[in-house]
Each structure stands twice: as structure tokens, then as C-alpha cells.
Amino acid sequence: MAFDSLSSRLQMGLRRLTGKGKLDEKDIDDMLREVRLSLLEADVNYKVVKKFLADIKEKALGEEILKGLNPGQQVVKVVREELKKTLGDEAVDLNIKEHGTTIVMAVGLQGAGKTTAVGKMALFYRKKLKKKPMLIAADIYRPAAVDQLVTLGKSINVPVFEMGTKVSAEKIVTEGLKKAREEGCDLVFIDTAGRLQINEELMQELKNVKEIANPDEILLTVDAMAGQDAVNVALSFHKDLDITGIILTKLDGDTRGGAALSIKEMTGIPIKIMSTGEKLDAMEIFYPDRLADRILG
Ligand code: GDP
């Protein structure tokens, strides 16, 4: 399971404290060393680790904690709070309008789980908000991408707008949005092209699509297994597109935790959605506190 090794290492480091009646600075330093190792092993960015430890130390050495009745447990509480803060603090749902059409543009590297996530979100918000979704197939480079989206749409009974792969993404999006309005679809997801690597041509096309669609959300799909590499991917997409949220995928795998714990702190972009499996109902709003609880047990 995801975070297993981080989780057991952190818990081990903290367990030593909870049994103690009194704590001194050395106990705290020993604990911080364990926490540091477990975070670095989980591939968390070193800047994030540094800040995380400094914040814990400052709070953990506070008078009221060291002199409190159960200092060990209070330190665990401090770590839990910091973990939650690093993951983004509060859950942030998608910005979906009550009235009028909401446009969500999904971007990301190939294979991160973008197309799957688009289908999941359509299903999720149709159920949750009674929206009428439409999917636009604007990935014209990967031959199977359009077919994949069409098959996905059929399986969840959501209309898919496509014009094959011979027409420009810009044209497809222009026509798709027109169609969505005609059909009264009020939640449109644009599935854009994913490449193996970021390149100028891809970015330019995405910028053009953004200009045409004027989306309410631009969501970047990030594979949690990518570790802190995900941070660099996010920063380059963010620079050109002003990403509004992250979809963190494959949290059901054996990810070590680096991406989840680094990305908000390093980019400022909130993780809004998490994907936890290949099935289309395996998606949740991202709750930092729930994940922090899961990690600390
Ligand atoms: P895209 O290229 O970004 O559009 O990626 P796809 O949506 O086609 O997904 C790539 C592969 O990852 C597919 O085999 C999906 O079934 C799989 N996948 C997507 N999301 C998840 C997830 O949350 N967990 C797991 N285990 N697999 C996923």
C-alpha cells in the first residue's frame, strides 16, 4: 500500500516518545532525526523536509508541551498537524459553478492517468452535483487516445465530442464547446495531449487551448509514483499555464510519498483530487487530514 514504509518508520520514531513521562531536547532531536530519515527515504524534497523539521522542533520545544501531562502524545499531535499542513491543510474542491457552464482542462504527461481521471470526475460530479458532463477529445497525437475516451464515455454514458486526430486541438475545442452549449452540457472536461516529456510545441498548444476555452480549472495530473520528480513537472506546467489544482493519481500503488508531500509546499498548487485505482469510482476529493491520519496510523 502507498506510504507503508513512511508510515511504519514515522510511527516507530514517534512511539519511543509516547511512552516517556518527560521529554528533553535530546529526546526531541532523536525523534527529529528519525523523522528526517523517514521523509528523505520517502523521496520528499529536502527543502520541504528542512522546513517540516524546523516547524516541528519549534512547536515541540514549546513550554506547554514539554511540561504538559503527556508530552510524547503532544509531540505526535504536532507532527500530525505539520503533516497535514505540508499536504495542503484544507481540502479544496473543484471550482464548479452552480449556474452556467464549467470548463475543466486536464493536462499532464502521458500515462499519468489523465484520461481515466477525466472519466472519474465526470461520473463523480454528475452524481454529486447533478451536472450534465461532456468530454472533449483533444489529444490528437496518441492514436488510441480518442478511442480510449470514446470507450470511457460510453461506459459511463457521458457524451464525448471528437473529430478524430487530423484536426487541430484548437479547432476540436472550439467546436466541442459549441456543441456542449447546444446540448446543454454544463460541465465540460477537455482531455488534452499528454507527451512523454514536456516540450515547447506541447506547451504552445496547451496555451492556445487555454486561451480558447478560458477554463475554470486547469488540472495537472501527477503520478504519485514519480516521487519528487513530480515537482519539476508541476513547476514547468505551472509556469506556462497557471495550474489551479493537482490530480494525484495511483495512490493505491506502493508510492513512497515524495510527490504527495513535496508538491504543495514546492509549487503552491493545491492537490484537489486523488485517484486510487483503475476503476472509475476510485476517486476522492483530497483531504490532507485524512492522509495525515493514514500515515500516522
Ligand atoms: P493518460 O495517458 O494520462 O491519459 O493516462 P491514462 O488515463 O490512460 O492511464 C494510464 C494507465 O494508468 C492506465 O492503465 C490506467 O488504468 C492507469 N491508472 C490511471 N489512474 C490510476 C490509479 O489511480 N491507480 C492505478 N493503479 N492505475 C491508474
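The nearest pair of heavy atoms linking Thr86 to Lys264 is O-CB, 3.9 Å. Residues Ile140 and Gly164 approach most closely at CG2-O, 3.9 Å, considering heavy atoms. The shortest heavy-atom contact between Gln197 and Leu202 is O-CD2, 4.3 Å. Residues Ala60 and Val75 approach most closely at CB-CG2, 4.2 Å, considering heavy atoms. Summarising the geometry of Leu17 relative to Asp27, their closest heavy-atom pair is CD2-O, 3.8 Å, with the distance given to 0.1 Å. When all heavy atoms of Phe286 and Ala91 are compared, the closest pair comes out as O-CB, 3.3 Å.
Taking 4.0 Å as the cut-off between side-chain N and carboxylate O, Lys51 and Asp55 count as a salt-bridged pair. Comment: Lys59 engages Glu82 in a salt bridge, judged by a side-chain N to carboxylate O separation of less than 4.0 angstrom. The existence of a salt bridge linking Lys84 and Asp293 is excluded, since no basic side-chain nitrogen approaches an acidic carboxylate oxygen closer than 4.0 Å. A salt bridge does not link Glu41 with Arg256: none of the charged nitrogens is closer than 4.0 Å to a carboxylate oxygen.
Counting heavy atoms from C-beta outward, Arg9 and Glu34 have side chains that approach closer than 4.5 Å. Side-chain atoms of Ile263 and Ile269, non-hydrogen and from C-beta on, never get closer than 4.5 Å to each other. A heavy-atom distance below 4.5 Å is found between the side chains of Lys120 and Ser275. The side-chain heavy atoms of Thr244 and Leu219, taken from C-beta on, include a pair separated by under 4.5 Å. Leu6 places a side-chain heavy atom less than 4.5 Å from the side chain of Leu10. Considering only heavy atoms from C-beta on, Met266 comes within 4.5 Å of Val48 through its side chain. At a threshold of 4.5 Å between non-hydrogen side-chain atoms, the residues Asp242 and Lys210 count as touching. Inter-residue side-chain proximity for Ile96 and Lys131 is flagged as met; some heavy-atom pair is nearer than 4.5 Å.
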Legend entry - Stepwise salt bridge (charged side-chain N to carboxylate O under 4.0 Å, His left out) test for Glu25 and Lys57: CA-CA 9 Å; Glu25 188 158 353; Lys57 181 157 187 175; 3.5 Å; yes

Legend entry - Residues Phe189, Val158; criterion side chain to side chain contact (heavy atoms under 4.5 Å, CB included); working and verdict: CA-CA 11 Å; Phe189 292 93; Val158 168; over 6 Å; no

Inset, instruction - Determine, stepwise, if the pair Leu83 / Leu261 fulfils side chain to side chain contact (heavy atoms under 4.5 Å, CB included). - result: CA-CA 8 Å; Leu83 210 47; Leu261 279 156; 3.7 Å; yes

Inset, instruction - Kindly indicate, with the supporting measurements, whether the criterion side chain to side chain contact (heavy atoms under 4.5 Å, CB included) is fulfilled by Leu40 and Arg36. - result: CA-CA 6 Å; Leu40 289 176; Arg36 179 169 175 276; 4.0 Å; yes

Inset, instruction - Give the C-alpha distance, both sets of side-chain angles, the deciding distance and a yes or no for side chain to side chain contact (heavy atoms under 4.5 Å, CB included) between Ile273 and Met283. - result: CA-CA 7 Å; Ile273 303 278; Met283 184 215 104; 3.6 Å; yes

Without placing hydrogens or testing angles, list every side-chain donor-acceptor pair under 3.5 Å for residues 105-116, not counting sequence neighbours.
residue, atom, partner, partner atom, Å
Lys114, NZ, Asp191, OD1, 2.9
Lys114, NZ, Thr192, O, 2.6
Thr115, OG1, Asp191, OD2, 3.1

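One distance of note links CG of Asn232 with OG1 of Thr267; it measures 11.0 Å at 0.5 Å rounding. Atom CD1 of Ile246 and atom CE of Met274 lie 14.5 Å apart (nearest 0.5 Å). Annotation: the span from Asp139 atom CG to Glu162 atom CD amounts to 12.5 Å, rounded to 0.5 Å. Taken to the nearest 0.5 Å, the CD atom of Glu81 stands 11.0 Å off from the CG atom of Leu296. Taken to the nearest 0.5 Å, the CD atom of Glu217 stands 9.0 Å off from the CE atom of Met121. One finds the CD1 atom of Ile212 at 10.5 Å from the CD atom of Glu175 (value rounded to the nearest 0.5 Å).
One hydrophobic cluster, built from ILVMFWY side chains closer than 4.5 Å, holds both Ile198 and Leu241. Note on Phe237 and Ile218: same hydrophobic cluster, where clusters join Ile, Leu, Val, Met, Phe, Trp and Tyr whose side-chain heavy atoms are under 4.5 Å apart, directly or indirectly. Note on Ile285: it does not cluster hydrophobically with Ile271, by side-chain heavy-atom contacts below 4.5 Å among ILVMFWY residues. Hydrophobic cluster membership differs between Leu149 and Met134, with clusters built from Ile, Leu, Val, Met, Phe, Trp and Tyr side chains linked at under 4.5 angstrom. No continuous path of ILVMFWY side-chain contacts below 4.5 Å connects Ile136 to Ile156, so the two sit in separate hydrophobic clusters.
Taking the salt bridge (Lys or Arg N to Asp or Glu O under 4.0 Å) definition, one finds that Asp281 meets it with nothing, sequence neighbours left out. Legend: residues meeting side chain to side chain contact (heavy atoms under 4.5 Å, CB included) with Ala213, ordered by chain and number and at least two apart, are Ile103, Val173, Leu177, Ile190, Pro215. When the salt bridge (Lys or Arg N to Asp or Glu O under 4.0 Å) test is applied to Asp30, the partners found at least two apart in sequence or on another chain are Lys26, Arg33. For Asp240, the side chain to side chain contact (heavy atoms under 4.5 Å, CB included) partners at least two apart in sequence or on another chain are Met203, Lys207. Taking the side chain to side chain donor-acceptor pair (under 3.5 Å) definition, one finds that Gln148 meets it with Arg142, sequence neighbours left out.
A donor-acceptor contact under 3.5 angstrom links the side chains of Asp43 and Gln228, judged on distance only. No hydrogens or angles considered: a donor-acceptor pair under 3.5 Å links the side chains of Glu205 and Tyr141. A side-chain donor from one of Ser7 and Gln11 sits under 3.5 Å from a side-chain acceptor of the other. Using a 3.5 Å distance cut-off with no hydrogens or angles, the side chains of Asp93 and Tyr125 do pair a donor with an acceptor.
Crowding of Lys47 atom NZ: a count of heavy atoms from other residues, nucleotides or ligands under 6.0 Å not exceeding 12. Annotation for Asn157: atom CG does not count as buried by contact number, only 12 or fewer foreign heavy atoms lying within 6.0 Å. Within a 6.0 Å radius of NZ in Lys97, more than 12 heavy atoms belonging to other residues, nucleotides or ligands are found.
Looking only at distances, a side-chain donor or acceptor of Ser8 sits under 3.5 Å from a matching main-chain atom of Ser5. When atom types are taken as modelled, the side chain of Lys132 and the backbone of Glu183 share a donor-acceptor pair closer than 3.5 angstrom. Not a single donor-acceptor pair under 3.5 Å links the side chain of Thr255 to the backbone N or O of Leu251.
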